[in-house]
Novice: 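Handing you this structure, nothing more for now.
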2 protein chains.
Amino acid sequence: MGETRWLDDGEQQTWRAFLTAVNLLDGALDRQLRHDSGLPHAYYQILAMLSEAPGRELTMTRLARLLRSSPSRLSHAAARLEGEGMIRRFKRPDDRRTTIVEITPEGMKALESAAPGHVHEVRRVLFDTLSSEQVGQLREISESMLSALDPQGEEPRYPDPDGARYQD
Amino acid sequence: MGETRWLDDGEQQTWRAFLTAVNLLDGALDRQLRHDSGLPHAYYQILAMLSEAPGRELTMTRLARLLRSSPSRLSHAAARLEGEGMIRRFKRPDDRRTTIVEITPEGMKALESAAPGHVHEVRRVLFDTLSSEQVGQLREISESMLSALDPQGEEPRYPDPDGARYQD
DNA sequence: CAGAAATACTTGAGCGTTCAATTGTGTTGT
DNA sequence: ACAACACAATTGAACGCTCAAGTATTTCTG
């Protein structure tokens, strides 16, 4: 293996600033959501993703892929959310390995009530801090990273966009 | 409180891409570090920050501020790192509330051996995926977020830059 | 100078995430 | 048909982080 190519000053500073910003950012997001609605950000994302799905249901595997979550993590999360009545799980009859997760009306209510505060916080910590030019740049930067880090990554995109918009 | 201003399509897509990219990115980083050196990323950062400090020591409070860590988190981390012999803690004689943390030679060794793989990974997941123009943009974007989210934030910047560069 | 407040740090409980192992079910190859 | 394999999901232990509470020590204030 060759010599390590260390980060130069500019890279170092970029890296530090980026790391710090991201840390603060998702600390703020998680704190706001937990405080105002009792949901960790990851759990909010689960509900949000389900709310958009056709029939408001998805298989565990597909949901995990969409959220870039490990199956295990999703399974633990689903156990908690099911215990709180926000989702429901049942085996698919024609392939009994598969579990289908469905968001319940209760889950939808929790999501609807959490969404405004969350979106407000997303604006506060991200969009309000950037010019619209920077927002465009950030999008391209994020997509560059994504295509390098997760070439196979799935996106939702359903034929019928019926559901509400509590995405994040 | 007024009507919620929802994210428009562009904002939504930016936000999703950003969130996903960041998630994958620090998953990759943490996994690489843990696998190759047994250190979580946050612990690596502690050692890195100490290694750069004058005398390779800092107070707990100052270290926590530099890393944007809660005192509690740092205290737990320090307990583990001390148990592994990577740092040493002692009370400052003239203000016995204050604890000084010092990185040990063992800690330096661990850091030195972890650094090349880590830097390589940082390149792989971040710098290699971006054009140099994008790197510049990312830096400004990160600094915008920082100045909005953490106006008081401290930076290291010591008068005498003697230490090695295992920063991140 | 005593009491109150501020500062520095630590502790323990609770929780989400990870990793490795496990269970149950379907698919393939011979 | 049956063994081997692949796939979907779950489980439990380990661990780091958060939050609230607690202990020392120092500084401020009347």
Side-chain angles (χ1 to χ4, degrees), chain A residues 22-24 26-47 57-84 86-102, chain B residues 22-24 26-47 57-84 86-102:
Chain A
V22 161
N23 257 352
L24 291 172
D26 68 43
L29 242 22
D30 209 58
R31 209 167 305 114
Q32 181 275 324
L33 266 175
R34 292 181 114 110
H35 181 269
D36 291 10
S37 73
L39 290 170
H41 190 193
Y43 288 32
Y44 178 94
Q45 287 178 279
I46 291 172
L47 296 185
E57 60 174 44
L58 289 167
T59 66
M60 292 290 278
T61 297
R62 177 136 176 73
L63 182 52
R65 284 211 196 101
L66 289 170
L67 296 170
R68 274 76 172 178
S69 165
S70 70
S72 167
R73 177 180 171 187
L74 178 56
S75 208
H76 284 296
R80 197 200 108 176
L81 288 172
E82 187 168 46
E84 290 171 340
M86 304 209 168
I87 62 168
R88 209 169 72 79
R89 280 185 291 184
F90 51 92
K91 295 247 171 260
R92 169 191 273 160
D94 60 309
D95 181 347
R96 307 186 7 77
R97 290 172 303 181
T98 303
T99 298
I100 294 179
V101 206
E102 176 189 66
Chain B
V22 160
N23 257 353
L24 290 171
D26 69 43
L29 242 22
D30 209 57
R31 208 167 306 114
Q32 182 276 324
L33 267 175
R34 291 181 114 109
H35 181 269
D36 291 9
S37 73
L39 290 170
H41 190 193
Y43 288 34
Y44 178 93
Q45 288 177 279
I46 291 171
L47 297 184
E57 61 175 44
L58 289 166
T59 65
M60 291 290 277
T61 296
R62 177 137 176 72
L63 182 52
R65 284 211 194 100
L66 289 170
L67 297 170
R68 275 76 173 178
S69 164
S70 69
S72 166
R73 178 180 171 188
L74 179 57
S75 207
H76 285 295
R80 198 200 107 176
L81 288 172
E82 186 168 46
E84 290 171 340
M86 303 209 169
I87 63 168
R88 211 169 71 79
R89 280 185 291 185
F90 51 92
K91 296 249 170 256
R92 170 189 274 159
D94 61 309
D95 180 347
R96 306 184 11 76
R97 291 172 303 182
T98 303
T99 298
I100 293 177
V101 205
E102 176 189 65

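Given the structure is predicted, the values throughout are model-derived calculations rather than measurements. These numbers come from the heavy atoms of this one structure, side chains and all, not from hydrogens, waters or symmetry mates. Lettering follows sequence order; numbering is per chain, from 1.
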Novice: Between atom CZ in Arg62(A) and atom P in dC7(D), what is the gap in whole Å?
Specialist: 17 Å
Novice: Mind checking Arg92(A) for me? I need base, sugar-phosphate or nothing, with any heavy atom below 4.0 Å counting as a touch.
Specialist: nothing
Novice: Would Met86(A) and Ile46(A) count as a side-chain contact (heavy atoms from CB on, under 4.5 Å) if you check the C-alpha gap in whole Å, the side-chain angles of each, and the deciding distance to 0.1 Å?
Specialist: CA-CA 10 Å; Met86(A) 304 209 168; Ile46(A) 291 172; over 6 Å; no
Novice: What integer distance in Å separates Ile87(A):CD1 from dT10(D):C1'?
Specialist: 13 Å
Novice: Rounding to an integer number of Å, can you tell me how far Asn23(A) CG sits from dT18(D) C1'?
Specialist: 14 Å
Novice: Starting from C1' on dT10(C), measure out to CZ on Arg96(B) and report it in whole angstrom.
Specialist: 15 Å
Novice: Atom OH of Tyr43(B) to atom C1' of dC15(D): distance rounded to whole Å?
Specialist: 8 Å
Novice: Which heavy-atom pair separates Ala42(B) from Arg73(B) by the least distance, and what is that distance?
Specialist: CB-NH2, 4.3 Å
Novice: For Leu58(B), which of Ile100(B), Leu66(B), Leu67(B) qualifies under side-chain contact (heavy atoms from CB on, under 4.5 Å)?
Specialist: Leu66(B)
Novice: Distance check needed: dC7(D) P versus Arg65(A) CZ, whole Å only.
Specialist: 10 Å
Novice: Between Asp26(A) (CG) and dC17(D) (C1'), how many Å, whole number?
Specialist: 12 Å
Novice: Using a cut-off of strictly less than 4.0 Å between a heavy atom of the residue and any atom of DNA chain C, enumerate the qualifying residues of residues 67-83 of chain B by number.
Specialist: Pro71(B), Ser72(B), Ser75(B), His76(B)
Novice: Hydrogens and angles aside, do Lys91(B) and Thr99(B) bring a side-chain donor and acceptor to less than 3.5 Å of each other?
Specialist: yes
Novice: Please find the pair of heavy atoms, one from Arg34(B) and one from Pro40(B), that lie closest to each other, and give the distance.
Specialist: NH1-CB, 3.8 Å
Novice: For the pair Arg89(B) and Ser75(B), evaluate side-chain contact (heavy atoms from CB on, under 4.5 Å) and give the outcome as yes or no after the intermediate values.
Specialist: CA-CA 11 Å; Arg89(B) 280 185 291 185; Ser75(B) 207; 4.3 Å; yes
Novice: Can you name the closest pair of heavy atoms from Arg62(A) and Thr59(A) and give their distance?
Specialist: N-OG1, 3.1 Å
Novice: Grab the NZ-P distance between Lys91(B) and dT26(D) for me, whole Å please.
Specialist: 10 Å
Novice: Does any residue of residues 27-40 of chain B have a heavy atom under 4.0 Å from DNA chain C, and if so, which ones, in number order?
Specialist: Arg31(B)
Novice: Considering all heavy atoms of both residues, which atom of Ala78(B) and which atom of Met60(B) are nearest to each other, and what is their separation?
Specialist: CB-CE, 4.0 Å
Novice: As a quick check of understanding, evaluate side-chain contact (heavy atoms from CB on, under 4.5 Å) for Arg68(A) and Asn23(B), giving each step before the final call.
Specialist: CA-CA 8 Å; Arg68(A) 274 76 172 178; Asn23(B) 257 353; 5.8 Å; no
